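Everything numeric here is computed off the predicted structure, so don't read it as measured data. So that the names make sense, note that chain A is the first sequence line, chain B the second, and so on, each numbered from 1.
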Amino acid sequence: MRVALFLTCVNDTLYPDTGRAVVRLLTRLGVDVDFPMGQTCCGQAHYNTGYRHEAEPLARRFADVFRGYEAIVTPSGSCGAMVRELYPRLGERARAEGRGDTLAAALAPVVPRTYELTEFLVDVLGVTDVGACYPHRVTYHPTCHGLRALGLGDRPGRLLRAVRGLDLVELPGAEECCGFGGTFAVKNPDVSAAMGADKVRHAESTGAAVLCAADNSCLMHLGGTLTRMGSDVRPVHLAEILASTEKEPAV
Amino acid sequence: MSETFLGMPSFPAFPVAARAAVQDGTLRGNLRHATHTIRAKRAKAVAELPDWAELREAGRRIKDHTLRHLDRYLVQVEEAVTAAGGTVHWAADATEANRIVAGLVRATGESEVVKVKSMATQEIGLNEALEAEGIRAYETDLAELIVQLGRDRPSHILVPAIHRNRGEIRDVFRSEMGRWGRAAPDGLTDEPADLAEAARLHLREKFLRARVGVSGANFVVAETGTLVVVESEGNGRMCLTLPETLISVVGIEKIVPTWRDLEVFLQTLPRSSTAERMNPYTSMWTGTTDAETADGPREFHLVLLDNGRTDTLADEVGRQALRCIRCSACLNVCPVYERAGGHAYGSVYPGPIGAILSPQLRGTASAVDASLPYASSLCGACYEVCPVAIDIPEVLVHLRERVAEGGRATREGSTVVLRPARGHAVERAAMRAARWALTRPAALRTGQRIAGRARRLQPRSLPGPGRAWSASRDLPAVPAEPFRDWWRRIYGAGGTAAARPGPGGDTGKDTR
């Protein structure tokens, strides 16, 4: 099976290790992975900040770049939700503005073919034990768009529980937002920071060495909060844990 | 001219007001305790119903249907209420509604009224308007009494004094009750039973004396013209039955077509708001037809309030806010409300629902109204719990667009083209520049390389607007090489990372 990796602009620029981990994981599971070089950004930040019309060219580009693929895999719940939940809405709004069906038609093919990483693993490949080994105590934060928009449910938990050596401990208040929220983090910095600090305190209370999530934007906010608060807990993307094996442990 | 109640003139933007709240340890403790308690109870009460999803969908549909045919149902309400001996008044805005109510009270010769807890009368600032006419309005809901005695503002739809703990309430009762009527008993403690008893004695005097009651309504049943008030204390029922004149101020979106529709909402509203299976005091009345033979007011006036609702109804994305049944489940699950408190929203409607309701009812011209659509991390917890399925994140983003990009909106019945709000010029330019770069992969790559080369120069904190990030969070380290350069180096542009079944014969199928 051949899939396209939609890494997202944040991961491409700031978290290449996550991208390498997805490639390592998927190829190990027997999947051929392409990285279409024309990919950039799904347009989520534009859309969610109120610049829907600026997001449209980015959505069109996404649809052009990934058009030929049966499956598009992304290690980001929120970017996955942008494509799956909000691309159809972009089309609807354009139609409501009297601009016809062209945007909706252009975006439609990629919507059902876009999978968040854990959905692809569990639903398409049908695996929960990916052969990983990660001998650390880990607590998992389900990020909001993965949890509520995509409905990832227990998929990340099932994947993590199958990792050898991994001690998964429950995060108190796990389903509460970490306070990132894209531009919310800078538009409402005090509330965002208070939410982040509470999340960090919850993570520390578990005694875990690693705070895991399936979205690096949230982990960027939490990681910055962790180091600022002088915590030893490390933020790690789920893909890096799943890619880790006894022979090739995580960096 | 629009006279929509602005809560407080020139109220600061949400982030400014929230900053003070975040730093108030007592307030945060009060809010965390209260919201988490009610949140857990609601989840339990809702989980008991196997058909919750169907009830939620039925509620959404009943409200959408009614809103779609509101013109017809409003006329039906007027006919039914009139036939039952009531009088219907139409108020386009807050000023008109206040003028009508003040005139009705004056006509009775009375100078005081007792009030049932009501969001609509707070929205229009009725108490203040009556005060200006020499009429005293007494709040009789326990929490509203606490707020009124404390010269405070409500900070929650359901529990307006949620920001107060019992010690603070005892202090307010001790110092203020005597100025409004019967004073608090000597030696009042902060035990809930003692506080309730003090309020009971204080209010009993008001109930027995009052000749005029003022209420809102949770629902108006169009087929019979019946009004419904849902409350927990029984104080509302005292106001609805003892006075000779009853004046109800009700938003036009409160209509349901038939009694049968109440079946849905009388299940979803109590479980969503107070986590009760059944509401304790549900009062229903139809005009004054029973007044000759039974208890109840001999004169009944219904003031139907628009105050921005028709404008909201005209917006195809935003109109879903009018489905709201004021349960406040969205406030109780909101992580932003929990930290910022209700006052930061600068409106009688705080929390997620307030953030989409206020900028529609009042417009987005003021600093606080332009900031409310951004007072959310878009986590979606509000949408998940809403018993009428209002997609609050969708409306928030829609209103952000109205603020940032401007465009068409309906104000006071006419279509207007709004200009983008002030203060968004830099952001707009940044968004355009980002879109330009992100539609050109080569430009993105150049940017990434520059960042990679300059990474040793990366500061720990940022100047200017960047401080909003770096004041509380370290910046992520920029890698030497972005992923796309690594890919090009290893697999080549257009190359493929080929499947390589791993050790142990792992072929991608679950082996367990």
- prompt: Which region of A/P36, side chain (C-beta onward) or backbone (N, CA, C, O), has a non-hydrogen atom less than 4.5 Å from a non-hydrogen atom of chain B, or is it both or neither?
  reply: neither
field: Single hit among A/M195, A/R148, A/E175 for side-chain contact (heavy atoms from CB on, under 4.5 Å) with B/C379
entry: A/R148
B/V478, part contacting chain A, at a heavy-atom distance under 4.5 Å: both
Minimum side-chain heavy-atom gap A/E54-B/R428 below 4.5 Å: no
- line: Turns out that what part of B/A477 lies under 4.5 Å from chain A's heavy atoms comes down to backbone
- line: Okay, A/E248 and chain B: the region with an atom under 4.5 Å from a heavy atom over there is side chain
task: Looking only at non-hydrogen atoms, find the nearest pair between A/P189 and B/A468 and report the distance.
output: CB-O, 3.3 Å
task: Tell me, for A/L7 versus chain B, whether the close heavy atoms (under 4.5 Å) come from the side chain, the backbone, both or neither.
output: side chain
- prompt: Any side-chain heavy atom of B/R28 within less than 4.5 Å of one from A/D198?
  reply: yes
query: Would you call A/V33 and B/T496 a side-chain contact if the rule is heavy atoms closer than 4.5 Å?
result: no
- request: Output yes when a side-chain donor or acceptor of B/R484 lies under 3.5 Å from a complementary backbone atom of A/M37, and no otherwise.
  value: yes
- prompt: When you measure from the side chain of A/D32 to the backbone N and O of B/A498, does any donor-acceptor pair fall under 3.5 Å?
  reply: no
message: For A/R61, which atoms come within 4.5 Å of any heavy atom of chain B: side chain, backbone, both, or neither?
response: side chain
query: Checking A/V31 against chain B: side chain, backbone, both or neither under 4.5 Å from a heavy atom?
result: backbone
- request: Identify which part of B/S376 has an atom lying under 4.5 Å from any heavy atom of chain A, answering side chain, backbone, both or neither.
  value: backbone
- prompt: Contact part of B/H424 toward chain A, heavy-atom cut-off under 4.5 Å: side chain, backbone, both or neither?
  reply: both
field: Shortest non-hydrogen contact between B/L438 and A/C9, atoms and distance
entry: CD2-CB, 4.5 Å
Top contributor to chain B contacts, counting heavy-atom pairs under 4.5 Å, from A/F184, A/Y47, A/F180: A/F184
task: Evaluate whether atom CZ of A/R99 has more than 12 neighbouring non-hydrogen atoms of other residues, nucleotides or ligands under 6.0 angstrom away.
output: yes
message: Checking B/E427 against A/Y51: is there a side-chain donor and acceptor pair closer than 3.5 Å?
response: yes
- request: Identify which one of B/Q23, B/R339, B/R19 satisfies the side chain to side chain donor-acceptor pair (under 3.5 Å) criterion when paired with A/D190.
  value: B/R19
message: Would you say that more than 12 heavy atoms from the other residues, nucleotides or ligands in this model lie under 6.0 Å from the CZ of B/R419, or not?
response: no
- line: When the 4.5 angstrom heavy-atom criterion is applied to B/Y491 and chain A, the contacting part is side chain
query: A/D12 versus B/L444: any side-chain heavy-atom pair under 4.5 Å?
result: yes
query: Any side-chain heavy atom of B/V397 within less than 4.5 Å of one from A/R52?
result: no
query: If you tally heavy-atom pairs under 4.5 Å against chain A, which of B/R400, B/M431, B/R402, B/R488 wins?
result: B/M431
field: Other residues, nucleotides, ligands: >12 heavy atoms within 6.0 Å of B/R467 CZ
entry: no
- prompt: Looking only at heavy atoms, which two atoms of A/N188 and B/A375 are closest? And how far apart?
  reply: ND2-CA, 3.9 Å
- request: Establish, from distance only, whether the side-chain atoms of B/R473 and A/S192 form a donor-acceptor pair under 3.5 Å.
  value: yes
Heavy-atom side-chain contact between B/T439 and A/T40 under 4.5 Å: no
- prompt: Can you tell if the side chain of A/K187 reaches within under 4.5 Å of the side chain of B/P15, non-hydrogen atoms only?
  reply: no
message: Given heavy-atom pairs under 4.5 angstrom as the criterion, report whether the side chain, backbone, both or neither of A/L147 touches chain B.
response: neither
- request: For the residue pair A/F35 and B/W487, categorise the inter-ring angle as parallel (less than 30°), tilted (30 to 60°) or perpendicular (more than 60°).
  value: tilted
- prompt: Within a radius of less than 6.0 Å around CD of B/E481, do more than 12 heavy atoms belonging to other residues, nucleotides or ligands occur?
  reply: yes
message: Rounded to the nearest 0.5 Å, what separates atom SG in A/C144 from atom CG in B/L378?
response: 9.5 Å
query: Hey, are B/E316 and A/R93 close enough for a salt bridge, meaning a charged N less than 4.0 Å from a carboxylate O?
result: yes
message: Could you report the tightest heavy-atom contact between A/H46 and B/A434, atom names first, then the distance?
response: NE2-CB, 3.8 Å
- request: Test B/R408 against A/E97 for side chain to side chain contact (heavy atoms under 4.5 Å, CB included), laying out the working first.
  value: CA-CA 10 Å; B/R408 280 177 194 283; A/E97 286 171 344; over 6 Å; no
- prompt: B/E394, B/E338, B/H398, B/E384: which one forms the most heavy-atom pairs within less than 4.5 Å of chain A?
  reply: B/E394
- request: Against chain A, label B/A442 side chain, backbone, both or neither, depending on which of its atoms sit under 4.5 Å from a heavy atom there.
  value: neither
query: For chain B, which of A/G43, A/A45, A/A149, A/P16 has the most heavy-atom pairs under 4.5 Å?
result: A/P16
query: In terms of heavy-atom pairs under 4.5 Å with chain B, which of A/M220, A/E176, A/H145, A/R89 leads?
result: A/R89
- prompt: Looking only at heavy atoms, which two atoms of A/G30 and B/A499 are closest? And how far apart?
  reply: C-CB, 3.3 Å
Interchain contact, A/R2 with chain B, by part (heavy-atom threshold 4.5 Å): side chain
message: Just checking A/Y15 against B/F483, ring centres under 6.0 Å apart?
response: no
- prompt: Which residue out of A/L26, A/V191, A/T49 racks up the most heavy-atom pairs below 4.5 Å with chain B?
  reply: A/T49
message: Is any side-chain heavy atom of B/P482 closer than 4.5 Å to one of A/T13?
response: no
field: Residue B/V333 versus chain A: region with a heavy atom under 4.5 Å
entry: neither
